[in-house]
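Here's the structure we're looking at; comments come further down.
In this text the structure is predicted, and so the values were computed from the model without any measurement. Chain A is the first sequence line, chain B the second, and so forth, proteins listed ahead of strands; every chain is numbered from 1. Scope of the values below: all heavy atoms of this structure, side chains included, with no hydrogens, waters or symmetry mates.
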Amino acid sequence: MAYDPGTSVADVLAGRVPVGATVTLRGWVRTRRDSKAGLSFIHLHDGSCFDPIQVVAPAALPNYEGELRHLTSGAAIVATGTLVQSQGKGQSVELQASGVEVVGPIADPEAYPIQPKPHSYEFLREVAHLRPRTNTFGAVTRVRNTLAQAVHRYFHERGFCWIHTPIITASDAEGAGAMFRVSTLDLANLPRRPDGHIDFAQDFFGKEAFLTVSGQLNVETYCLALSKVYTFGPTFRAENSNTTRHLAEFWMIEPEIAFADLAADADLAEDFLKSLFKAVLDERGDDMRFFEDRVEKGVIARLEKFATSAFTRLDYAEAVRILEKADRKFEFPVSFGTDLQTEHERYLTEVHCQGPVVVMNYPKEIKAFYMRQNDDGRTVAAMDVLAPGIGEIIGGSQREERLSVLEARMDELGLAREAYGWYLDLRRYGTVPHAGFGLGFERCVAYVTGMANIRDVIPFPRTPGNAAF
RNA sequence: UCCGGCAUAGCUCAGUCGGUAGAGCAAGCGGCUGUUAACCGCUCGGUCGCAGGUUCGAGUCCUGCUGCCGGAGCCA
């Protein structure tokens, strides 16, 4: 039998239910106001859209005195009635209730943490199981969902294949950051080899295993068979990072395209980001108006500008020249060969270009081994997409597809070729120029919503010292 | 990890020169009103983060610890 999704508040407020119709709405109480005219106004939300619907509960209802007049924020109710034009201001339609069932009352109203008032984000992180009931977190959640759907839609429509790269990796070839160990060994009684080292041969996988820090190396294998691929899944970094833009567990999107160079990679990044932001502007106008009013003035205009104007593209060397000529003192001096600091990225995006910037062709010394060496011998075909207010949102590169060049670079860096056997095979058998990038999904959500802290755009943030819930 | 800041009622905060605790909101009761961040009155609500120290006396000054927040580094 077909699933009946029922009627949502969004259906009603969007006009998909005619005035005069009888509807049943299910959700949670946001506020209740009483009128001695013999009725109560209950704002009901069900998460389907930003606005709640006003339910008018007449005092004549049998459970009015006993239950409805005592409803407080957070109680779960089922309201049935007639959809009518509102007699009051502030909403066009409302539900004239013929019955309101209290499904889940609030056990102790004084103890219920979510009050109809502004809360600090710090406090709401301590009640992360209840914060999705607030305006802000409802809006963030819907925007996050719209972005996720838009990611898959963008790639699907362009013939990309979604590759499910592993979460657990026993490959010691990642090198993108500190990793979380995965083990079933008894920590209190570790098996030892004769030389005293831990005997990982007795561990679950017969060798050391970790949570992935990136699906890139794995997804390259499918790229060199299916041409256009991407990953979208959780990744893990055990870095002791305590900032507003780092999480120990976050979601990353990593497309990889074959027969493509760095310029194509940058085109993809720009086109992709723009399509995501357009989707949010098209689908979540209600939530974006809230972010505009209460979170960050100007977010909507910023997104619109982002979605319609070309990204500035700069060579790293050119970026360095701009910074050297900048009419401003930096804490960290810039010169060719140094990595760009946060203050430099901010100057480029917020002052010099006043918009997103793609910085390309970095010195090879500050970039990963797999990035393709340019003909100048000192730079690699790497790019970062920098966004005003958030910094690096995308990092990508053309990959080194030439076996001898890749092996030489690995030797230079002291990386053991045996550990990368399957990765090097890709360069032995049918190698092609290919490129890709990684987009931190939460950074994207934070940028779109204007939320200042990445811990507030993921349901249950994991950071050093904190894995509650 | 480094630097800085903060910790007082369920929440957001005030608390002067060191003299034993305050407001708004929430919650409860009442009043008023087609209300909408409602309004008015009353009530309930505190081991001032923890442990020491100085002092006749510490929310206030000092030391240590813990937690949180911001910035930096690492990166997405």
Short side-chain donor-acceptor distance under 3.5 Å, [Y] and [X]:
X        : Y        : answer
A:Arg294 : A:Asn135 : no
A:Gln341 : A:Glu345 : no
A:Tyr154 : A:Asp271 : yes
A:Asp46  : A:Ser8   : no

Taking 4.0 Å as the cut-off, does a side-chain nitrogen or oxygen of [X] come that near to OP1 or OP2 on [N]?
X        : N     : result
A:Ser120 : B:U12 : yes
A:Arg455 : B:G70 : yes
A:Arg245 : B:A72 : yes
A:Arg237 : B:C75 : no
A:Gln341 : B:G73 : yes

Taking the side chain of [X] as heavy atoms from C-beta outward, which of [options] is closest to it?
X        : options             : value
A:Asn453 : B:C69, B:C25, B:C74 : B:C69
A:Phe332 : B:A26, B:A72, B:G34 : B:A72
A:Thr342 : B:G73, B:G34, B:G28 : B:G73
A:Leu39  : B:C69, B:G34, B:G28 : B:G34
A:Lys117 : B:C75, B:C25, B:U35 : B:C25
A:Thr72  : B:C69, B:G30, B:G28 : B:G28

Rounding to an integer number of Å, can you tell me how far [X] [atom1] sits from [N] [atom2]?
X        : N     : atom1 : atom2 : value
A:Tyr447 : B:C75 : OH    : P     : 23 Å
A:Asp339 : B:G73 : CG    : P     : 10 Å
A:Asp108 : B:C44 : CG    : P     : 18 Å
A:Asp34  : B:U35 : CG    : P     : 13 Å
A:Tyr121 : B:U12 : OH    : P     : 13 Å
A:Ile114 : B:A27 : CD1   : P     : 13 Å
A:Glu442 : B:C75 : CD    : C1'   : 14 Å
A:Phe123 : B:G10 : CZ    : C1'   : 7 Å

What's [X] touching, base or sugar-phosphate or nothing? Going by heavy atoms closer than 4.0 Å.
X        : result
A:Ala37  : sugar-phosphate
A:Leu247 : base
A:Glu254 : nothing
A:His119 : sugar-phosphate
A:Gln54  : base
A:Thr243 : base
A:Arg30  : nothing
A:Pro109 : sugar-phosphate
A:Gln115 : base

Integer angstrom distance from the [atom1] of [N] to that of [M]:
N     : M     : atom1 : value
B:G67 : B:A51 : C1'   : 15 Å
B:C56 : B:G18 : C1'   : 12 Å
B:U8  : B:C48 : P     : 11 Å
B:G15 : B:A9  : C1'   : 14 Å
B:U60 : B:C75 : C1'   : 43 Å
B:G59 : B:U20 : C1'   : 10 Å
B:C42 : B:G24 : P     : 9 Å
B:C11 : B:C68 : P     : 16 Å

Handout entry: Cation over ring face, A:Arg144 and A:Phe137, 6.0 Å, 45°
Key =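 That pair does not qualify as a cation-pi contact.
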
Problem - Distance under 6.0 Å and angle within 45° of ring axis: A:Arg302 vs A:Phe306 - result: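 No; the conditions do not both hold, so A:Arg302 does not lie above the ring face of A:Phe306.
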
Practice task
Pull out every stem in RNA chain B, meaning runs of 3 or more consecutive Watson-Crick or G-U wobble pairs with both distances under 3.5 Å.
Solution key: B:1-7 with B:66-72, B:10-13 with B:22-25, B:27-31 with B:39-43, B:49-53 with B:61-65

Taking the ring of [Y] and the ring of [X], is the distance between their centroids below 6.0 Å?
X        : Y        : answer
A:Phe369 : A:Tyr420 : yes
A:His152 : A:Tyr230 : yes
A:Tyr447 : A:Phe277 : yes

Completion exercise
Note: for A:Leu71 and A:Asn240 on RNA chain B, the residue whose nearest nucleotide lies more 5' is A:Asn240

Exercise for the section: Map A:Ile393 and A:Gly465 onto RNA chain B by nearest heavy atom, then report which one ends up closer to the 5' terminus. Expected result: A:Gly465

May I ask you to verify whether the side chain of [X] and the base of [N] hold a donor-acceptor pair under 3.5 Å?
X        : N     : result
A:Ser241 : B:C75 : no
A:Gln91  : B:U35 : yes
A:Glu343 : B:G71 : no

Practice task
Determine, for A:Arg409 against A:Glu400, whether the closest basic-nitrogen to carboxylate-oxygen distance falls under 4.0 angstrom.
Solution key: no

Practice task
Classify the ring geometry between A:Phe232 and A:Trp251 as parallel (under 30°), tilted (30 to 60°) or perpendicular (over 60°).
Solution key: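 Answer is perpendicular, since the angle exceeds 60°.
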
